Amino acid sequence: MKATKKIIALGLCASMMFSLFGCKDKKQADDNTTTVPVSNVSTGSEEADFTIPYIRTSSLNPFKTDVDANLHIATLLYDSLFSVDNTFKAVPLIADSYKKNGSKINVKLKAVRFTDGTAVTADDVVYSFVEAKKSTNYNSYLDNISDCSKVNNAEVVFTLRSNNPYEAANLFFPIVKKDSTDGKADSVPVGSGRYTIITENGLKYLYYNKDRLGGYKPKYNKIGFKDSSDVSSISTLFAVGNVDIHCENFSEGIFVRYTGTPFNKEMTHFTFLGINNDRAVFNNRKVRRALSLLLDRDDISAVSFSGLATAASTPFSPEFYGIKGCTLPSIKQDKEAAIELLKEAGFNKINAEGVRCSDEHALALTLAVNSENTFRVAVAKNIQAALEQANIRVTISEQSYSGYIETVENGNYDIYVGEVRLTNSFDLTHFFDGANDISLGVNLEGATAKKYREFESGSAGMQELIDTYADDLPFISIAFRHGVAIRSDKIKTDIKPIVSDYFYNIDEWTA
């Protein structure tokens, strides 16, 4: 987006895949930094006049931290096999090359060294994979990868459970030196990233790794590294100018206001309208399609999400390279076409209460939403107004997280506002496996579920899957949310986040 100075609302929690709502930050204090003797690094003469925050009450170990702020910092300290660009394509970092063959991905490694001078080997990659699989920060992305094994010192092979053609984009977990924490929970493992954490005279800062991937030449050698007690206190630090960058995923929709220049980041956080396919009224796919046509996704993205979302008509981000060249369903609202579909489905009457009905059913729906998420409550109200244009009565049931989850799990709803963090490969398996929250209400043997299994096996293409989904609509796509990086006036360079890295062009930043 074009950067303009404005007031922007920021949310405050991390999200987990397969959750309809999100998670709460845990408060577990660790000593999270490693003291590196200054004599072990070359000293630079130029220090950046900007400061990056981290949260001292959570670990800086990327596999153990429970807050987004520290997880974002991990991309500065560690490199991964691949980064993920804004089309969700895997771009080699530590990987030199890779080849996918059916359910196997072979990855050859570059000659890369950790910041302690030792070589990055296949053993380190296997170790890092195991740690990532155990971590809530990465395990959902690696759900389709059952194993990583060493071929030789410079090559590993990943084994997939299903044959997703875009799986390499999920191999963005940090590569750390094997056993470099000595089993200590509060230690930060050794990485090969752009910076290391230096502790000097009780103060911490980030110091550049001049040998990173064969050579790294940022504008500044040192960057200020400011600790904060918790996520909410970052707002105070930012407001008074003690930190100059804040990155946010908006996962809970709880807002703190900042003045700064925002830069959007593409994400896989998918907002959708869940449908209780067990309800007789939804047996006719024309009714489901009519609901979709009544939604004004552009308005939802602009108003309900404060412009921090991209409207979507499929469960794939509009930026995803895997759908380029495909014909997508329109995101535009079409009230007349929707009403015509409802009439074709038998809902051609308006009863005494002003509700559209057939001979057997009235379209009086209950819409469940988590009351603790401001974004989703706004989405629910937008949906209510849109559907009532076609005389569909919508009663919004706003409930706390626990009540909302209980309502959906027990099937006591007609429709609900849900969100899931999909993988970078846009794997839809869990919509159709019956094992997770997001499959609730979905017809697991419906047309889309069957077509997706064909897509995974390679017997159906992306266009076939999109066409089947658009006709069947087991759930209704609404939008993909954005993250945002806010900079203070000290930073003069445009920030260019990519999917896997808020700090992608930090080497270019000037102050």
Side-chain angles (χ1 to χ4, degrees), residues 1 8-11 13 15 17-22 86-88 248-255 262-275 288-289 291-324 326 328-334 338 367-370 373-387 394 396 404 415-424 426-428 431 437-438 442 448 466 469-470 473-484 497 499:
M1 64 177 283
I8 189 160
L10 300 186
C13 185
S15 70
M17 189 179 179
F18 312 141
S19 170
L20 298 175
F21 172 66
N86 284 330
T87 70
F88 300 91
E248 184 54 60
N249 288 347
F250 304 102
S251 296
E252 287 198 4
I254 301 171
F255 304 116
F263 298 84
N264 282 0
K265 173 180 176 290
E266 297 294 333
M267 300 196 305
T268 58
H269 292 62
F270 174 52
T271 301
F272 61 96
L273 182 63
I275 299 174
R288 304 193 296 272
R289 287 166 56 194
L291 296 188
S292 180
L293 285 170
L294 286 167
L295 300 185
D296 189 338
R297 292 168 173 82
D298 285 329
D299 187 62
I300 292 174
S301 299
V303 178
S304 300
F305 287 113
S306 300
L308 295 166
T310 299
S313 58
T314 75
F316 305 103
S317 168
E319 302 301 321
F320 178 41
Y321 79 101
I323 63 172
K324 298 306 178 186
C326 292
L328 306 180
S330 174
I331 62 171
K332 299 299 182 183
Q333 183 184 49
D334 193 337
L367 170 56
V369 67
N370 175 13
N373 189 292
T374 307
F375 275 152
R376 286 175 228 166
V377 170
V379 170
K381 291 179 179 178
N382 190 302
I383 291 171
Q384 179 187 50
L387 300 190
V394 176
I396 297 177
Y404 164 69
I415 51 181
Y416 71 88
V417 178
E419 180 178 296
V420 59
R421 186 185 70 188
L422 296 172
T423 66
N424 293 327
F426 294 91
D427 190 334
L428 304 182
F431 272 106
D437 287 349
I438 61 171
V442 174
T448 305
I466 289 172
Y469 169 81
L473 288 178
F475 51 89
I476 296 174
S477 302
I478 297 176
F480 282 87
R481 290 197 298 102
H482 298 156
V484 71
V499 169

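If you read the sequence from its start, that first residue is 1, and numbering goes on from there. What you see is a predicted model, and the numbers here were worked out from it, not measured in a lab.
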Inset, instruction - Using ring pair (Phe, Tyr, Trp, His ring centres under 6.0 Å) as the criterion, list what pairs up with F480, not counting sequence neighbours. - result: F270, F426
Legend entry - Distance-minimising heavy-atom pair for F375 and S306: CE2-OG, 4.3 Å
Inset, instruction - Using side-chain contact (heavy atoms from CB on, under 4.5 Å) as the criterion, list what pairs up with A338, not counting sequence neighbours. - result: A290, L293, L294
Inset, instruction - Could you tell me which residues satisfy side chain to side chain donor-acceptor pair (under 3.5 Å) with N382, sequence neighbours excluded, listed by chain and number? - result: D299
Inset, instruction - Would you confirm whether R376, through its side chain, and T271, through its main-chain N or O, come within 3.5 Å as a donor-acceptor pair? - result: no
Inset, instruction - Report the residues that fulfil salt bridge (Lys or Arg N to Asp or Glu O under 4.0 Å) with R288, sequence neighbours left out, ordered by chain and then residue number. - result: D472
Inset, instruction - Identify, with sequence neighbours excluded, every residue that meets side chain to side chain donor-acceptor pair (under 3.5 Å) alongside S304. - result: none
Legend entry - Nearest non-hydrogen partners of P497 and N86, listed with the distance: O-ND2, 3.2 Å
Inset, instruction - Kindly write out the residues that satisfy side chain to side chain donor-acceptor pair (under 3.5 Å) with S313, not counting sequence neighbours, or none if the list is empty. - result: none
Legend entry - Residues forming a side-chain contact (heavy atoms from CB on, under 4.5 Å) with A479, sequence neighbours excluded: S301, F305, A309
Inset, instruction - Report the residues that fulfil side-chain contact (heavy atoms from CB on, under 4.5 Å) with T310, sequence neighbours left out, ordered by chain and then residue number. - result: P318, H482
Legend entry - F316 ring center within less than 6.0 Å of Y321 ring center: no
Legend entry - Beyond-backbone contact of P315 with Y469, side-chain heavy atoms, under 4.5 angstrom: yes
Legend entry - side chain to side chain donor-acceptor pair (under 3.5 Å) partners for D298, two or more places apart: K332
